[in-house]
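Throughout, a chain's letter reflects where its sequence line sits, starting with A, and its residues are numbered from 1. None of these values were measured; they are calculated from a predicted model.
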Amino acid sequence: MPAITLPDGSVRDYPGPVTGTEIAASIGPGLAKAALAMEVDGRMLDLSRTLDADASVRFITRRDADALELIRHDAAHVMAEAVQALYPGTQVTIGPAIEGGFYYDFFRNEPFTPDDLPAIEAKMREIIAANAPFTREVWDRDEAIRLFESRGERFKAELIRDLPASETITIYRQGDWFDLCRGPHLRGTGDIGGAFRLTKVAGAYWRGDHRNPMLSRIYGTAWRDQKELDAHLQQLEEAERRDHRKIGRQMDLFHMQEEAVGSVFWHEKGWRLYRTVEAYMRRRQEEFGYIEVRTPQLLDRKLWEASGHWDNYRSHMFIAEVEDEDKVLAVKPMNCPCHVQIFNHGLRSYRELPLRMAEFGACHRYEPSGALHGIMRVRAFAQDDAHIFCTEDQIAGETVRFVEMLRRVYADFGFPDFAVKFADRPTPRSGSDEVWDKAEAALRSACETAGVAFTVNPGEGAFYGPKLEFVLRDAIGRDWQCGTLQVDFVLPERLDASYVTAESGRARPVMLHRAIVGSFERFIGILIENCAGRFPLWLAPTPAAVASIVTDANDYAETVAAKLKAAGLAVVTDTRNEKINAKVRDLSLALVPNILVVGRREAEQQTVSIRRLGSDKQDSMTLDEAIATLKADATPPDLR
RNA sequence: GCUGUCAUAGCUCAGGGGUAGAGCACCUCAUUGGUAAUGAGGAGGUCGAGGGUUCAAUUCCCUCUGACAGCACCA
């Protein structure tokens with residue numbers, strides 16, 4: 001006699017085992033029609049499942065956000081059926097729901113191309129129109145393996161073999177087609193609806209391992225209704241509109257070319273932006289007690305062997321050799337071993353700790369070609385890199401201090417929200433388990449002291465220590481990992497760093513590796529996309545342009561520009577032989593935040609007419625007022 | 001690195017076995033116009049690189065390079 005508790009607290013008794021469908025029907029015809037699945041004691045189940053014990057039940061309808069995952073998962077199944085109907089001999093593997101949609105990985109000698117998508121999508125719509133019910137069957141493991149093997153589905157058979165013994169093997173049927181699946185599913189294929197679209201094809205390794213065969217993956221997006229789908233497609237367009245590669249070209253910030261793959265040619269305006277960011281970081285670091293150093297680009301491989309990088313990252317390092325010397329030099333991929341060299345140069349006292357050593361040095365890493373992405377992922381870059389040499393007791397205090405600095409920096413750049421992930425010990429790694437226990441415990445308790453809430457990112461730490469990853473969220477909801485704080489007991493040991501203790505003994509410092517913006521290249525890419533090229537005035541590469549209306553006002557325009565430049569603003573003049581309409585249009589498209597329009601009237605009265613980007617209104621003011629206003633607006637936040 | 005797609009003027013793109021086209025940008029001239037495109041003219045290309053097929057290749061085939069998407073990677 002199951003008693004079913006509903007979300008409103010009411011309890012319904014049933015005389016015997018009862019299915020979700022029956023419960024929904026007993027509540028009302030509206031629910032019976034709308035219910036797609038149910039959540040039983042927190043677990044999603046098919047509506048057709050029978051309940052024979054007391055339970056809390058919540059019905060999932062199309063209005064629930066939870067319906068999305070079901071729709072996407074089912075769309076993946078339907079896509080697999082469509083593909084196997086159209087391309088016999090294709091093997092199925094896995095096809096989950098993902099954020100925004102779904103995919104299915106297929107094994108086929110000839111991979112799918114974008115041209116195949118319309119036919120597959122059409123077939124899917126047929127299957128959905130047929131509205132075959134999803135039915136669940138429990139199978140014996142060996143029989144299930146035989147079933148899939150008999151159909152040549154060796155990937156599925158392998159999946160079943162690797163399922164834990166405790167797992168119930170279930171198969172879901174839709175019409176004549178079936179798939180190994182844990183479920184749950186909607187009532188039938190018709191519940192998927194029409195708000196989906198196949199988006200792209202891609203290769204993907206079987207089980208995510210590059211040593212395995214490459215499968216052919218088809219991605220789709222699926223939503224509850226057309227409105228949601230349209231909104232999603234619009235969001236993709238928005239991301240495309242903000243693409244830093246496109247805006248970088250439009251605003252003439254930088255370019256890249258074949259002869260320097262993965263390296264940025266910074267143009268004047270982009271470099272101005274870069275310098276603004278770097279200068280800001282330098283001021284913040286000084287404020288927070290860092291010293292700044294500069295270390296060599298090329299270092300003997302012996303140093304990298306000692307640090308452990310040669311073993312771990314040799315294939316990702318650029319190597320330089322010279323004819324006359326029997327030496328192998330590596331272009332530095334990071335600064336830490338160099339900073340230890342400075343630390344080791346001379347006797348250090350416990351009185352000097354914590355010693356915060358920063359560097360904006362250029363690093364080079366031979367990133368795989370497929371990883372490169374605009375200026376976001378490059379082979380030559382500089383970080384706001386620093387290493388804090390301290391005692392174990394100082395870890396917590398330094399973490400607090402670091403998080404405070406990071407908060408300010410992110411807020412100043414327009415990212416008030418960020419999340420923290422704790423990445424613990426990876427395999428393989430350097431250092432004993434005892435050292436790792438100590439490092440992880442120290443970082444955990446430092447988080448507690450700093451009041452930092454985190455989620456765990458298992459096995460993702462650096463080879464020498466656990467790390468915190470700081471992930472910020474941009475204006476259109478995308479996440480970017482920028483900051484990091486890593487606790488390292490290993491490198492000081494490997495490179496024999498030590499200091500003199502209060503008792504005149506010797507002790508090893510702990511190293512905290514840390515960065516806030518991470519690579520400047522990447523961070524600037526994020527800044528560009530976050531504001532879509534419409535920078536706050538202190539970052540804008542061209543904060544203002546002076547546009548003349550008639551030739552007679554050109555001299556005055558140059559005077560205005562000269563005064564603004566004298567006030568530290570990087571303005572340009574537009575005295576081209578064009579109408580003011582054309583100048584306003586061109587400067588607006590170039591995303592110049594302020595257009596100072598000057599004609600005969602302004603020249604006579606020593607005024608300017610300011611038009612701000614995104615507004616079609618104008619403000620008339622005296623030249624002195626304009627300079628004062630712009631100068632105030634263009635002041636970096638830490639200098640206000 | 002792997003799979004797929006792509007590479008034509010500075011940019012965005014059309015074209016197609018018989019040695020190339022548009023718009024914008026650029027240059028010249030006229031025009032001095034008050035807040036998102038004034039008009040006319042001109043110049044600009046080894047069609048990514050190398051090889052092959054062909055009477056003929058920018059077009060078809062192969063190799064390489066690079067870009068893009070995803071996967072793998074990210075000290």
(request) For RNA chain B, produce a single dot-bracket line, 5' to 3'. Pairs: Watson-Crick or G-U wobble, both distances under 3.5 Å. Symbols: ( ) within strand, [ ] crossing, | other strand, . unpaired. (result) (((((((..((((....[..)))).(((((.......))))).....(((((..]....))))))))))))....

(message) Work out how far the C1' atom of B:U46 is from that of B:A9, and round it to whole angstrom.
(response) 14 Å

(request) Using the C1' atom on both, measure B:C62 against B:G21 and round to a whole Å. (result) 29 Å

(request) Compare every heavy atom of A:L253 with every heavy atom of A:P541, then report the nearest pair and how far apart it is. (result)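 Closest pair (atom of A:P541, atom of A:L253, distance): CG-CD2, 3.8 Å.
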
(message) Counting primed atoms plus P, OP1 and OP2 as sugar-phosphate and everything else as base, spell out the protein contacts along nucleotides 64-75 of chain B at 4.0 Å heavy-atom distance: B, S or - for each nucleotide, 5' to 3'.
(response) -SSSSSBBBBBB

(message) Taking the basic N atoms (NZ, or NE/NH1/NH2) and the acidic carboxylate oxygens, is any pair closer than 4.0 Å for A:E398 and A:R356?
(response) yes

(request) Rounded to the nearest angstrom, tell me the gap between atom CG in A:D552 and atom P in B:U31. (result)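 For the pair A:D552 CG and B:U31 P, the rounded distance is 14 Å.
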
(request) Whole angstrom is fine here: how far is it from CD in A:E259 over to P in B:A49? (result) 13 Å

(request) Could you work out the separation of B:U8 and B:C2 based on their C1' atoms and round it to a whole Å? (result) 29 Å

(request) Search all heavy atoms of A:M317 against all heavy atoms of A:Y366 and return the closest pair with its distance. (result)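 Nearest heavy atoms, A:M317 then A:Y366: N-CB, 4.4 Å.
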
(message) One character per nucleotide, please: for nucleotides 34-47 of chain B, 5' to 3', B when the base has a protein heavy atom closer than 4.0 Å, S when only the sugar-phosphate does, - otherwise.
(response) BBBBB---------

(message) Do the side chains of A:R429 and A:D433 get close enough for a salt bridge, i.e. N-O under 4.0 angstrom?
(response) yes

(message) I'd like to know whether A:D496 forms a salt bridge (charged side-chain N to carboxylate O under 4.0 Å, His left out) with A:R508, so could you lay out the CA-CA distance, the side-chain angles of the two residues, the decisive distance to 0.1 Å, and finally the verdict.
(response) CA-CA 8 Å; A:D496 195 26; A:R508 287 237 182 273; 3.0 Å; yes

(request) Answer yes or no: is there an ion pair linking A:R377 with A:E521, defined by an N-O contact shorter than 4.0 Å? (result) no

(message) Distance check, P atoms only: B:G18 and B:C71, in whole angstrom units.
(response)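 One P to the other, the span is 42 Å.
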
(message) Would you measure the distance from the P atom in B:U19 across to the matching atom in B:C47 and give it in whole Å?
(response) 14 Å

(request) Please state how far atom CZ in A:F107 lies from atom C1' in B:U3, giving the value in whole angstrom units. (result)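 Going from A:F107 (CZ) to B:U3 (C1'), I get 13 Å.
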
(request) Check the distance between B:G4's P and A:F106's CZ and give it to me in whole angstrom. (result)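 Interatomic distance, CZ of A:F106 to P of B:G4: 17 Å.
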
(message) How many whole angstroms separate atom CG of A:D574 from atom C1' of B:G33?
(response)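 It works out to 14 Å between those atoms.
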
(request) Considering non-hydrogen atoms only, spot the tightest contact between A:F106 and A:L215 and give its length. (result) O-CB, 3.3 Å

(request) Identify whether the distance between the nearest side-chain nitrogen and carboxylate oxygen of A:D574 and A:R576 falls below 4.0 Å. (result)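 Judged by the 4.0 Å cut-off on N to carboxylate O distance, A:D574 and A:R576 do form a salt bridge.
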
(request) Write down the distance separating the P atoms in B:A22 and B:G34, rounded off to the nearest Å. (result) 33 Å

(message) Say we look at B:U59 and B:A67: how far apart would their P atoms be, to the nearest angstrom?
(response) 22 Å

(request) Identify which one of A:T93, A:D162, A:D105 satisfies the side chain to side chain contact (heavy atoms under 4.5 Å, CB included) criterion when paired with A:R207. (result) A:D162

(message) What I want to check is whether the side chains of A:Y290 and A:R514 have a donor and an acceptor closer together than 3.5 Å.
(response) yes

(message) Any salt bridge linking A:E238 with A:R241? Criterion: basic side-chain nitrogen under 4.0 Å from a carboxylate oxygen.
(response) yes

(message) Check this for me, if you would: do A:R494 and A:D488 make a salt bridge, where the nitrogen-to-carboxylate-oxygen distance has to be below 4.0 angstrom?
(response) no

(message) Between B:G45 and B:A20, how far apart are the two P atoms, rounded to whole Å?
(response)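 Their P atoms lie roughly 12 Å apart.
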
